[in-house]
Number of protein chains: 2
Amino acid sequence: MTAERTATLDDVAKAAGVSRATASRVVTGQGPASRHARDRVAAAVAALGYVPDAAARALVTRTGTRLAIAVIGHTAAVLDDPYVGRVLTTAAHVAAEREVGVSLHWLPLNDPGSLARLADGRGLGGLVVVNPTRPALETVPRNLRGRVVAIGVGARDVPSFDVDNRAGTEGVVRHLVRTGRRRIAMVTGPAWLPCGDRAVEAYRQVLHDSGGEPRVVPGDFTAVRGARAAAEIMARWPDTDAVFALSDLTALGVLDGLHALGVQVPGDVAVAGFDDIAFAGLSRPALTTSTHPVEEIATAAAQAVLDRHNTGRATFFPSRLVVRDSA
Amino acid sequence: MTAERTATLDDVAKAAGVSRATASRVVTGQGPASRHARDRVAAAVAALGYVPDAAARALVTRTGTRLAIAVIGHTAAVLDDPYVGRVLTTAAHVAAEREVGVSLHWLPLNDPGSLARLADGRGLGGLVVVNPTRPALETVPRNLRGRVVAIGVGARDVPSFDVDNRAGTEGVVRHLVRTGRRRIAMVTGPAWLPCGDRAVEAYRQVLHDSGGEPRVVPGDFTAVRGARAAAEIMARWPDTDAVFALSDLTALGVLDGLHALGVQVPGDVAVAGFDDIAFAGLSRPALTTSTHPVEEIATAAAQAVLDRHNTGRATFFPSRLVVRDSA
DNA sequence: CTGTTAGCGCTTTCAC
DNA sequence: GTGAAAGCGCTAACAG
């Protein structure tokens, strides 16, 4: 009943009656091993509750023991975004099951060296780049190829995982059109963020199909910017009857800005967001939006690098319209 | 200019003209070393840009390479709480500077074995227990003593870091009293969570001093519970003129529940929360609350275990009243 | 105070 | 297919 020293590979080998080398081959799944050896080792592993020592393995394979999450942005404040918190929480949970840790890093936009500097520190098992730009992805060192994925746009050698914001945006904007709105404005994400482009294209397309004129205002995913954007939109196009923001946070800001202007929502102007964050249901009026399965995306991304999956070049996760009161 | 193999301790020793053992002593700061040796090694470290290999060090010291964040709760859903995301984000950032990773674990309430199971996995460098109960803290294995801290209540051998919710609650409730409220209800945190007790005591004290009767309803830090609690409070004590919730999320739910009942805020009933989350300023009416410096707390906790600080038994971080529209 | 000597637990040639 | 042997980079006794 006393907690004995945790089993080592030597113990497993001894118990299975094979050499440590053979036990290693079986455990890692690399290299040849007879059916017989395989079975005996597997049995011993189960019996002893053997778990490989990550540090020892990392030491010899130089493969690292840490999953780094690197978030690109203008300032280190991007790390405070609740979105990053959700990605990190999920990744840390997935990593924990494999006895690996996660670290968080800010990658300054337009600092090509920063990714390389991060990557050549030892101890890096894998890398998830959040919100990358295409140039940034070019700076991924070769020795990390195969252990890097992106959440956002990808690149050759860097598989990507992201929400299907094209279809999601289509769903939201079509809903707006279906409910009689025609003069629909959009608050986008930051201009440098390429993964928002798909959504803007979708917005333009739906507007084009329904005979509307695009009214695009740049955003930055913050609520403050949303409030300001609302004022800009109403000043520039006073007859606007709907605002779609590519982020719930921004949409909540729009709600605020419109309220300050004395504009009724959804009476005068409908408002819709994107993400379906926890607070979307708590605003007044409750926010109509489209889901963003952050946890699913982060799980897939973390698993891909930790398990060295060969996923496709780009994986998109569906977004679902959630109609509440604001549109 | 080509990135050469990153320097090893042997390289440092050679460059400094000392043995590897001496170099190790200087680098770790453990064990004796002459002034001369210290200087030469330090110079070599700087010149070569030497960074110790965490895996190798962990292997020999059996000290682990991972900082585990363990959150206690009824279900694994506690991991989804934005609060946990903020703690984790901060810890991962602090850990990243030291080349260590962070992993996230759920510790079921009333499962005494779970902490021990977590702790005897190899590779554990340190442990931060979030929202612990006192019995849970008793199960911390001896071999981890000195590398465990708590966010919430602590114990002997487990230093704690937490917001000063006693003073914070006093501030909020006194504000309520000062603005003419007398029949003040409180929605608490979960009953099993001991660190909320200080706040309840403070609430009772202020009420006692101002001649009010306590009206306490148990909460669980969720918005859904807040809405329900609002209904319960107004049914049980219809003349209630203020509600204080020990969590902004819950307070937002109270706002919602009151709205559904047709109760005006702050006209009929004032509402105040605790935490000052990002959305506190975006609700309608904007939420009056008291700050919770989660990032500061998590930074201190992570540093304490990573740097083996000897902090005091309990450290409290001040909370500051933020008056908005709801109270 | 310093250097020599053993390993930590694991993977990986390289002969057999 | 399998085992013996050689380390990965580091710390910790233990003599000097």
Mind checking side chain to side chain donor-acceptor pair (under 3.5 Å) for [X] and listing every partner two or more places apart, or none if nothing turns up?
| X | result |
| --- | --- |
| A:E97 | none |
| A:R98 | A:D307 |
| A:T139 | none |

Within residues 42-56 of chain B, the residues having a heavy atom closer than 4.0 Å to DNA chain C are none
Value in whole Å for how far the [atom2] atom of [N] lies from [atom1] of [X]:
| X | N | atom1 | atom2 | answer |
| --- | --- | --- | --- | --- |
| B:R40 | C:dT2 | CZ | P | 12 Å |
| B:R62 | D:dC10 | CZ | P | 18 Å |
| B:E99 | D:dG9 | CD | C1' | 13 Å |
| B:D10 | C:dG3 | CG | P | 13 Å |
| A:L59 | C:dT11 | CG | P | 11 Å |

**Q.** Under 4.0 angstrom between B:S24 side-chain N/O and D:dC10 OP1 or OP2
**A.**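 For B:S24, the contact criterion (side-chain N or O under 4.0 Å from OP1 or OP2 of D:dC10) is not met.
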If you compare every side-chain N and O of B:T8 against the phosphate oxygens of D:dC10 (OP1, OP2), does one of them come in below 4.0 Å?
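So the side-chain polar atoms of B:T8 do come within 4.0 Å of the phosphate oxygens OP1 or OP2 of D:dC10, strictly under.
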Can you check nucleotides 2-5 of chain D for protein contacts, nitrogen or oxygen pairs under 3.5 Å, and list what you find?
| from | atom 1 | to | atom 2 | distance (Å) |
| --- | --- | --- | --- | --- |
| D:dT2 | OP1 | A:S34 | OG | 2.5 |
| D:dT2 | OP2 | A:S34 | N | 2.7 |
| D:dT2 | OP2 | A:S34 | OG | 3.2 |
| D:dG3 | OP2 | A:S19 | N | 2.9 |
| D:dG3 | OP2 | A:S19 | OG | 3.2 |
| D:dG3 | OP2 | A:T22 | OG1 | 2.8 |
| D:dG3 | N7 | A:R25 | NH2 | 3.2 |
| D:dG3 | O6 | A:R25 | NH2 | 2.4 |

Counting only Watson-Crick and G-U wobble pairs with both atom distances below 3.5 Å, the stems of 3 or more consecutive pairs that include DNA chain C are C:1-16 with D:1-16
* To do: Tell me, please, which residues at least two apart from B:D53 pass salt bridge (Lys or Arg N to Asp or Glu O under 4.0 Å).
  =>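 Here the qualifying residues are A:R122.
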Residues at least two apart in sequence or cross-chain that pass salt bridge (Lys or Arg N to Asp or Glu O under 4.0 Å) with A:R20, listed by chain then number, are A:D10
Heavy-atom closest pair (A:N131 atom, A:W192 atom, distance to 0.1 Å) is O-CZ3, 3.6 Å
Sequence neighbours excluded, the answer for ring pair (Phe, Tyr, Trp, His ring centres under 6.0 Å) partners of A:Y83 is A:H292
Hits for ring pair (Phe, Tyr, Trp, His ring centres under 6.0 Å) against B:H105, two or more places apart or cross-chain, chain-then-number order -> none
Side chain to side chain contact (heavy atoms under 4.5 Å, CB included) filter on B:E296, not counting sequence neighbours, yields B:P293, B:F317
The complete set of side-chain hydrogen bond (donor to acceptor under 3.5 Å, both in side chains) pairs with one or both residues in residues 63-73 of chain B, sequence neighbours excluded, reads B:T63-B:R308, B:R66-B:S103
* Asked: Okay, side chain of A:R147, backbone of A:V305: is any donor-acceptor separation there less than 3.5 Å?
  ->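 Flag not set: sc A:R147 to bb A:V305 has no pair under 3.5 Å.
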